2 protein chains.
Amino acid sequence: MGKVIEPRFEAAAGQLRAAGLRTTRQRLMLAEILFSQGHRHVTAESLFTEAAERGARLSLATVYNCLHQFTAVGLLRMVTVDAGRAYFDTNLSPHHHFYYERSGELRDIPEAEIAVARLPAAPEGAKIARVDVILRLQD
Amino acid sequence: MGKVIEPRFEAAAGQLRAAGLRTTRQRLMLAEILFSQGHRHVTAESLFTEAAERGARLSLATVYNCLHQFTAVGLLRMVTVDAGRAYFDTNLSPHHHFYYERSGELRDIPEAEIAVARLPAAPEGAKIARVDVILRLQD
DNA sequence: CGCAGATTTTAGAATGATTCTAACATAGCT
DNA sequence: AGCTATGTTAGAATCATTCTAAAATCTGCG
C-alpha cells in the first residue's frame, strides 16, 4: 500500500515521480520548498536552513544529495558565480544572471534582455554545453 | 644599499614596483612565472606546484597572499568557473572564456569573437562591475 | 498485508580549498 | 648598520562539500 501523501506535497510528488525519483519525506519537503513558489536560487546551506525552519527533519548531507539528484534529472540547474559555494536555480529556461558580489544574491535576467550575437566555434573535439553570462554588480 | 636582483627578475621587479608592491624573493618568482610567458590561467595550487618545480622556496599561504595582492593592484583577474577553486588570469584585456568542464582547463576567447549586443540596466543602486561570458565545453 | 531487496538517509569522519594566527624574517629608509 | 613597517610562514582553523558504513525507508511481490 502506498503511503499517504499530504495534499500540500501532491505537486512535489508528481514532479519527483515524473523525474523517476522516489518520493521520500525529505525529497518531498525539498521539492515543495523549491518548486512551489516561483523561481528560486538556493545554496545547500540556505535550503537546509529553510527546511529546518519549516520543521523538516533532515541532514545537510541529504540536502546535498537531493540538490545533485535534482540537477541530474533536470529539475535544477547549477549556477557558478562564486568560487566557494554552488548555487542552484529552479529556472530551467535559458536565461542569465545578475550577481551581487557584496551580498551573494543572485537574480535572473530574462534571456531576451541580453543578446549574445556571435559565438565562436567550439574547439576541435568539444561542444558548447552551455553559455553563461554573469553581470557582476557592485553598489 | 638595495639588494641585488638577478637579471631574469628585472622585468618582474619593474612590474611589482610599478604596482606599488615590494619586491620580495617570493613575489619576484611568482611574477616571473606569471608574466613572462604570455597569458596564463593558474590556480593557487598549480602556481605553487610550478614554483616548487622551479626550486622556489615559498609556502602555499604566500601564493594565496600574492594572488590576492596581484589581483588587488590589477596585475591579475580572478575568474570564477568552478565552485571549488579560484582561477587567476594574467590577461587583463576584456575577453571571455572557454571552460573544459572535464579537465578544468580554461582558455581565452578574444573579445572580438563574442558580441554581447544588449545589456540590461543595472538594478537600482548597483552598477555592473564586469560582464563574464563562459562557454562550458563537454567532449 | 508483510517481507525481501534495493534505494535513501544519516552522523560523523574525511577531504580540499582557502583563510587565519601570531611568530619570525626581510625590504627599504635613515 | 639599525628601525620599523611589511611580508612570509607553519600550522591550526574554517568552510563547503563529499565519503563511509550503518540504520531507515521504499517498492514490488507473494
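Residue numbers start from 1 in every chain, and the chains themselves are labelled A, B, ... in the order their sequence lines are given, proteins ahead of strands. Here the structure is a predicted model, which is why all the values come from computation and not from measurement.
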Practice item. Report whether Leu60(B) and Ile33(B) are members of the same hydrophobic cluster (ILVMFWY, side-chain heavy atoms less than 4.5 Å apart, transitive linking). Key: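 Shared cluster, yes.
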
Check your understanding: Which ILVMFWY residues can you reach from Leu92(B) by hopping between side chains whose heavy atoms are under 4.5 Å apart?
Key ->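 Members other than Leu92(B) - counting any ILVMFWY side chain reachable under 4.5 Å - there are none.
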
Calculate the interatomic distance between [X] atom [atom1] and [N] atom [atom2]; express it in whole Å.
| X | N | atom1 | atom2 | value |
| --- | --- | --- | --- | --- |
| Arg17(B) | dC29(C) | CZ | P | 10 Å |
| Phe70(B) | dT8(D) | CZ | P | 9 Å |
| Leu16(B) | dG28(C) | CG | C1' | 15 Å |
| Phe48(B) | dT18(C) | CZ | P | 13 Å |
| Asp82(A) | dA17(C) | CG | C1' | 13 Å |
| Gln69(B) | dT19(C) | CD | C1' | 14 Å |
| Phe88(B) | dA17(C) | CZ | P | 13 Å |
| Leu28(A) | dT8(C) | CG | P | 13 Å |

Check nucleotides 10-14 of chain C against the protein and report each pair of N or O atoms closer than 3.5 Å, with its distance, or say if there are none.
{"residue": "dT10(C)", "atom": "OP1", "partner": "Gln26(A)", "partner atom": "NE2", "Å": "3.2"}
{"residue": "dT10(C)", "atom": "OP1", "partner": "Arg57(A)", "partner atom": "O", "Å": "3.4"}
{"residue": "dT10(C)", "atom": "OP2", "partner": "Ser59(A)", "partner atom": "N", "Å": "3.0"}
{"residue": "dT10(C)", "atom": "OP2", "partner": "Ser59(A)", "partner atom": "OG", "Å": "3.4"}
{"residue": "dT10(C)", "atom": "OP2", "partner": "Thr62(A)", "partner atom": "OG1", "Å": "2.3"}

Check your understanding: Start at the 5' end of DNA chain C and walk down; is the nucleotide closest to Leu21(B) or to Tyr87(B) reached first?
Key ->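 Result of the comparison: Tyr87(B).
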
Is the phosphate of [N], meaning OP1 or OP2, less than 4.0 Å from a side-chain N or O of [X]?
| X | N | result |
| --- | --- | --- |
| Thr23(B) | dG28(C) | yes |
| His68(A) | dT18(D) | yes |
| Tyr64(A) | dT18(D) | no |
| Thr43(A) | dA16(D) | no |

Revision key, fill the gap. Closest non-hydrogen atoms of Pro120(B) and Ile114(A), given as atom of the first, atom of the second and distance, are CD-CG1, 3.6 Å

Check your understanding: Does the side chain of Phe35(A) reach to within under 4.5 Å of the side chain of Leu76(A), using non-hydrogen atoms?
Key ->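 Side chain of Phe35(A) against side chain of Leu76(A), heavy atoms only: contact under 4.5 Å found.
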
Check your understanding: Is any side-chain heavy atom of Thr43(B) less than 4.5 Å from a side-chain heavy atom of Phe48(B)?
Key -> no

Review point. Counting heavy atoms not belonging to Arg57(A), are there more than 12 under 6.0 Å from its CZ?
Key: no

Between the protein and nucleotides 3-7 of chain C, list the N/O to N/O atom pairs that are separated by less than 3.5 angstrom.
{"residue": "dT7(C)", "atom": "O4'", "partner": "Arg22(A)", "partner atom": "NH1", "Å": "3.3"}

Check your understanding: Can a donor-acceptor pair be found between the side chains of His41(A) and Asp108(A) at a distance below 3.5 Å?
Key ->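 Short answer, yes.
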
Exercise for review: Check Arg102(A), Arg107(A), Glu101(A) against Glu105(A) for a side-chain contact (heavy atoms from CB on, under 4.5 Å) and give me the one that passes.
Suggested key: Arg107(A)

Check your understanding: Which of parallel (below 30°), tilted (30 to 60°) and perpendicular (above 60°) describes Tyr64(A) and His68(A)?
Key -> tilted

Exercise for review: Report which part of the nucleic acid Ala86(B) touches: base, sugar-phosphate, or nothing (heavy-atom distance under 4.0 Å, all strands).
Suggested key: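 If one applies the 4.0 Å heavy-atom cut-off, Ala86(B) turns out to touch the sugar-phosphate alone, with no base involved.
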
